[in-house]
Protein chains: 2
Amino acid sequence: MRSYGQFCGLAKSLDIIGDRWTLLIVRELLIRGPSRYTDLRIGLPGIPTNLLADRLRDMEEAGLLRRDMSPAPAAAAVYVLTPRGEALETVIAALGRWAAPLLEAPAKDDVFLPHWLVLPARLYLTDRAPRKPPVRIEVRDRDQRVTLEAANGRVTARVGPADKPDAVIIGPTPLAWQLLLAKIDLAHARKAGLAVEGKPAALKRFGPLPRQ
Amino acid sequence: MRSYGQFCGLAKSLDIIGDRWTLLIVRELLIRGPSRYTDLRIGLPGIPTNLLADRLRDMEEAGLLRRDMSPAPAAAAVYVLTPRGEALETVIAALGRWAAPLLEAPAKDDVFLPHWLVLPARLYLTDRAPRKPPVRIEVRDRDQRVTLEAANGRVTARVGPADKPDAVIIGPTPLAWQLLLAKIDLAHARKAGLAVEGKPAALKRFGPLPRQ
DNA sequence: CCGGATCCGGGTTGATACTG
DNA sequence: CAGTATCAACCCGGATCCGG
């Protein structure tokens, strides 16, 4: 990207992360941790492969990520955020919070990959019963699994299956998201194609943050 | 800007503010308040005039700003941030903080307009003597003036001349900034072309934030 | 001078094909 | 799997022009 040539923090940061796709690549690495080229490509539907390669080069040069060779047996290159790259989480959180009103309406043609639940779960969901014992649920869409946990008043989320989940939501991610935000109720969700196994009451532990 | 087509807060926000120059226009409006087209152009050195016009249209359509006609006598159009546009201050602050390490070294070919001091002053400077009475200084570069105030442990900043300043720094903005950050001392700054009127001790009230 | 509109060359992006 | 190559379409930058 061409520099703005302005001695200003905002302009300097945009010089580095203002290119198209760059912040989305950081998002993927924040959510999934060290990732291979192909995993990044899958997590970024629509990205031209040459741009992904270009960006990864630029971002390595800018000190946002490192390209690591994983240990001997499987010689796969993985991309890993540096601390400097991880520090962009605050920026992504600010953008995510600003965009909250745009996520109320359900997606239309938008792609919604299950693992993207991780960031909004952290940003927009709250634990509605902080005093009660922790609750863990799994969201499953095809073979993708995401684990959400409500404990001590906080919601955490990560990619991967849950260990002994209290409930499992199975079906299209957009529906699961609507259900967690309490935009639709369980009966409606089931009619629309969602299955819930385990204790549906566990879902009530999650809800939208109060309007800021 | 073409949409990413992803149901994700980050992607949605970038759909709106990811275009080149857009966030810098927000910066100008945050710093200067309601501004005319020409003022924006001056505050954004390097922007092609057609792009500024395009962006202002896009941003109005996106609900980030309004175009207001000022009252009858001087029929000047001014651009004003909507609350939605003002809410981007948190995003700009996050980007500014992330960029802090990039602003330690002095600018080279970079442009440094005086009014840009306002944001970094708020973000990077601290009041070193919260208990003492407030201190107000003016930074003057050619005919541009910026007012900084340290009071009750906080630093505030705005465009315009200061009322009864305790000190006035006159000269190139980059030098003034270095001085405020305590990167250079007063003697060095004077030798490099900076003049300080009033009580130079007032400058000691300002200093860099401790390393986060 | 203010507030743009128009035009054009070059760089970036998007889509797809191809390769070690 | 992990990219490179190619090419069209689009966006950006720079310059010029124009009506109040």
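Protein chains get the first letters and strands the later ones, always in sequence-line order, with residue 1 at the start of each.
- One can place CG of Asp39(A) at 12 Å from P of dG3(D), the figure rounded to the nearest angstrom.
- Here the P atom of nucleotide dC1(D) and the CE atom of Met69(A) are 15 Å apart, to the nearest Å.
- Checked against salt bridge (Lys or Arg N to Asp or Glu O under 4.0 Å), Arg20(A) has no partners two or more places apart in sequence or in another chain.
- When the C1' atom of dA2(D) is taken as reference, atom CG of Asp68(A) falls 16 Å away, rounded to whole Å.
- Screening Arg136(A), Arg205(A), Arg122(A) for a salt bridge (Lys or Arg N to Asp or Glu O under 4.0 Å) involving Asp127(A) leaves a single residue, Arg205(A).
- Summarising the local packing, CG of Asp185(A) is surrounded by more than 12 heavy atoms from other residues, nucleotides or ligands at distances under 6.0 Å.
- Side chain of Thr173(B) to backbone of Leu113(B): no donor-acceptor contact under 3.5 angstrom is found.
- Distance, Leu52(A) CG to dT16(C) P: 17 Å, rounded to whole Å.
- When rounded to the nearest whole Å, the span between OH of Tyr37(A) and C1' of dT19(C) equals 13 Å.
- Residue Arg41(A) is classed as having no contact, given no heavy-atom separation below 4.0 Å to the nucleic acid.
- Looking only at side-chain heavy atoms (C-beta outward), Tyr79(A) and Glu60(A) stay at 4.5 Å or farther from each other.
- Counting only heavy atoms from C-beta outward, the side chains of Leu40(A) and Leu29(A) approach each other to under 4.5 Å.
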Nucleotides 10-15 of chain D: protein proximity per nucleotide (B base, S sugar-phosphate only, - neither; heavy atom, under 4.0 Å): --SBBB
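- One interatomic measurement links the two molecules: CZ of Arg57(B) to P of dT6(C), which rounds to 9 Å at whole-angstrom precision.
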